[in-house]
Amino acid sequence: MIATRRPKLELLSEALVERVVEEGLALLERHGVLVENREALGLLSGAGADVDPATGLARMGRELVEDCLAATPASVTLFDRTGTKAFTVGGDEVHFDPGSAAVTILEHAGGTQRKAMTSDVADLYRLVETLEHLHFQSTALIASDVPSPIADGFRLYLGLILSEKPFVTGTFRIEGFGPMKDFLAAVRGGENELRDKPLAIFDACPSPPLKWSNLTAQSLIDAARAGIPSELISMGMTGATSPTTIAGTLVQHVAENLSGLVICQLAGRGAPVIFGGSPSSFDMRKGTTPMGAIETMMIDAAYAQVGKRLGLPTHAYMALSDAKINDPQAGFETAFGAAIGALAGVNVISGPGMLDFESSQSLEKLVIDDGICAMAYRLIDGIAQRDDPIALGLFEGLAPGMSFLTHPHTRRWYRQEHIPAGLADRDPYEAWVAAGRTSIVDKAHADVQRRLAAHAAPPLAANVRGELDRIMIAYARSSGVDDWAPPRI
Amino acid sequence: MTKDEIYSKMSEAIVAGDREAARGLAEEAVRSGLDLLEVVDRGYVPGIQKVGELWEQGEYFLPELITSAEAMKAAMGVLEPELKKRNAGSRAGGRVVIGTIEGDIHDIGKNLVASMLQAGGFEVHDLGADVKLERYIETAEEVGADMICLSALLTTTMMNQRRFIGLLRERGLRDKYKVLVGGAPANRAWAEEIGADGFAENAVAAVKLARSLAGRP
């Protein structure tokens with residue numbers, strides 16, 4: 001049997017990958033990055049970086065960066081809440097998770113966005129539990145009825161109560177890290193257990209161009225020390241906060257992400273780090289950051305290729321759309337991104353459900369996108385040689401009018417070779433009319449209702465729930481939110 | 001060169017976004033004793049107006065728009081001190097305090113509006129991003145502003161635009177300033193809902209709105 005090829009997209013020539021890495025390293029060495037965090041500057045200075053304490057500018061030599069790269073694991077293994085199901089983030093493995101962190105939810109009726117409430121966040125978590133092609137959850141929605149000082153921690157708290165899937169999350173303020181780590185440790189039964197079996201990834205975004213804020217640098221340090229994987233989210237906007245050329249933005253991307261990686265490794269050698277991002281092609285008319293632009297996806301696929309060349313796990317914001325409702329744009333941008341991301345072998349793809357420049361989530365879109373992810377997975381499974389000979393034997397005794405429908409070969413293979421249609425319409429026209437001319441969005445809405453009604457949250461041990469409540473209450477009190485009480489969920 | 005030729009060169013420098021030429025022509029105008037108010041009105045302003053038209057026609061994109069605004073700034077940097085010396089302030093009725101509101105660090109859109117307002121003949125006091133509500137008022141009082149522009153890119157920070165107007169009311173200053181709101185989540189209905197004086201969807205529209213509120217053509 002001939003081995004199956006996993007189809008792969010590599011946009012950059014090997015020479016261009018090398019050149020981008022070279023220039024990224026040179027940028028760190030010559031220009032450096034601004035680091036607005038004293039502890040990080042101390043670590044960098046201690047490791048021989050050229051740090052100007054007055055400005056916070058840190059120049060990092062190639063040796064330091066390469067040494068830190070060598071210390072970074074090539075893959076991360078996440079475990080679900082039960083600690084039994086493992087997910088490799090590395091190689092060409094692909095895991096989709098909902099795009100985060102939206103502030104609005106799209107109402108199916110009327111097609112308008114409104115601020116998300118706790119109940120919406122709960123529905124989203126429950127729904128994602130049922131979507132088999134979204135391997136991870138993300139803290140995808142911010143509940144507007146929760147006071148902002150505790151909004152970051154609350155999202156994870158609620159998620160861990162309602163979901164078993166691993167999480168992609170992050171802090172909104174420095175004080176948020178402690179309780180969020182404590183939630184994860186409470187689920188695992190201790191900090192060492194959490195280190196052994198990471199349950200969540202923490203995103204940290206440098207501020208383009210070439211700056212790590214106090215909050216994000218602290219998140220890198222804290223996560224590295226706790227053994228929590230940091231996902232580096234460089235997010236240049238071409239022609240606005242990064243060079244307008246795609247290759248130029250890649251150089252900045254490499255420099256920003258590698259400087260974050262260095263901070264992680266200096267805080268905790270061997271810390272898991274994911275080479276991620278949310279860059280975008282900047283719209284020169286509207287001043288917006290289209291995630292659905294083809295150039296955005298090209299940047300994503302290209303930096304993922306660079307990340308792989310550096311031997312790192314990768315992440316991107318893809319499989320999402322800038323459309324405001326579930327219209328054709330929402331579908332084509334999401335599908336394009338899912339296919340390109342999967343073909344590029346991006347390990348963590350954050351995007352499903354997301355609309356409107358990463359600001360809105362839609363439950364209907366989540367189920368539609370789950371179907372898109374199913375297609376992307378099928379695509380990268382490739383085309384296998386199932387039999388030897390492939391088909392010659394099937395034509396023996398071929399008679400006119402013979403069909404393969406009843407051939408044993410069909411029953412043997414069709415389920416492996418072809419995935420179900422999901423919500424996609426494959427009715428003949430008359431049947432579609434007879435069934436009420438239903439659009440995929442209406443079908444998705446019904447599917448959301450059906451899934452939510454049928455889903456029971458996986459049980460969480462009472463002592464763990466009690467511990468989560470205790471940590472959340474303490475976080476609220478220390479944040480000046482004295483009247484916070486656990487929701488009845 | 002006739003005056004008209006000089007003016008059209010000034011206008012062309014702005015349309016082309018040529019800072020050096022815009023500044024050089026302004027310096028030349030000062031040296032040769034031209035009527036500087038006329039230089040602004042017939043030389044430079046038509047240039048920036050043409051840029052606005054090209055933007056509206058879809059010919060110009062943000063890089064052209066901002067480069068032209070920068071060229072305008074360079075020219076005005078030469079002309080304004082001279083106009084002041086001669087007590088011929090051309091920017092009457094146009095003092096603006098602008099900033100991205102508390103809790104929000106997105107300032108690209110705000111920067112565009114600030115540049116275009118400045119290019120459009122307003123005296124602009126740009127407070128940057130994450131501006132405390134108090135600071136807008138302090139600055140506006142200090143510089144004697146006519147208008148306060150509040151930018152917000154997030155639906156969460158947009159709420160601070162409403163709070164700001166409440167704060168102005170509390171202080172009894174609401175009628176003293178025109179308040180303009182902008183940013184991705186804002187719209188006309190929002191401006192009306194919170195009692196702002198206006199909303200603009202982009203930098204060119206913001207200049208038009210500011211000019212009309214200032215009672216200028």
Side-chain angles (χ1 to χ4, degrees), chain A residues 36 101-106 112-117 141-149 151-152 155 172-173 205-209 211-216 235-245 280-291 322 324 355-361, chain B residues 17 51-70 100-116 128-130 151-160 162-163 182-187 189-190 193 200-207:
Chain A
E36 297 181 333
V103 289
T104 67
I105 186 141
L106 178 69
T112 52
Q113 290 181 17
R114 63 169 170 76
K115 274 178 280 175
M117 311 295 278
L141 264 179
I142 301 170
S144 65
D145 52 348
V146 172
S148 58
D152 52 359
R155 299 181 305 166
F172 294 166
R173 54 190 203 115
C205 315
S207 314
K211 184 171 101 175
W212 284 94
S213 70
N214 188 29
L215 167 71
T216 52
M235 46 181 191
M237 299 182 276
T238 56
T241 61
S242 69
T244 199
T245 54
S280 68
S281 152
F282 186 70
D283 187 289
M284 287 299 182
R285 193 68 202 162
K286 307 280 185 182
T288 51
T289 56
M291 302 309 295
D322 306 312
K324 311 304 178 279
L355 295 161
D356 192 7
F357 312 108
E358 300 183 1
S359 74
S360 188
Q361 265 285 349
Chain B
V51 169
E53 283 165 24
L54 288 168
W55 163 268
E56 282 171 343
Q57 290 160 9
E59 284 292 317
Y60 267 20
F61 290 79
L62 290 174
E64 291 87 0
L65 192 67
I66 298 311
T67 314
S68 289
E70 292 292 321
T100 303
I101 209 151
E102 205 171 309
D104 204 325
I105 54 161
H106 301 87
D107 62 358
I108 291 180
K110 183 269 299 168
N111 290 345
L112 298 179
V113 175
S115 294
M116 286 307 287
D130 192 11
S151 171
L153 200 90
L154 306 175
T155 46
T156 44
T157 53
M158 186 171 86
M159 299 304 146
N160 288 331
R162 185 203 296 274
R163 278 182 52 219
N187 55 37
W190 170 249
E193 184 189 325
E201 61 271 8
N202 61 46
V204 172
V207 176

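Below, chain A is the first sequence line, B the second, and so on; all start at residue 1.
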Practice problem: Would you check if B/Leu112 and B/Leu65 make a side-chain contact, meaning some heavy-atom pair closer than 4.5 Å? | Solution: no
Exercise. Select one option (side chain, backbone, both, neither) describing which atoms of A/Thr241 are under 4.5 Å from chain B's heavy atoms.
Key: side chain
Self-check item: Segment of A/Asp356 engaging chain B (4.5 angstrom heavy-atom cut-off)
Solution: neither
Self-check item: Interatomic spacing from OH in B/Tyr60 to CD in B/Glu53 - rounded to 0.5 Å
Solution: 11.5 Å
Quiz item: In terms of heavy-atom pairs under 4.5 Å with chain B, which of A/Lys286, A/Arg285, A/Met237 leads?
Solution: A/Arg285
Self-check item: Which atom of B/Ala205 lies closest to which atom of B/Ala200, heavy atoms considered
Solution: C-CB, 3.8 Å
Exercise. Name the region of A/Phe357, side chain, backbone, both or neither, that has any atom closer than 4.5 Å to a heavy atom of chain B.
Key: neither
Quiz item: Quick check: are there more than 12 heavy atoms from other residues, nucleotides or ligands sitting under 6.0 Å from NZ of A/Lys115?
Solution: no
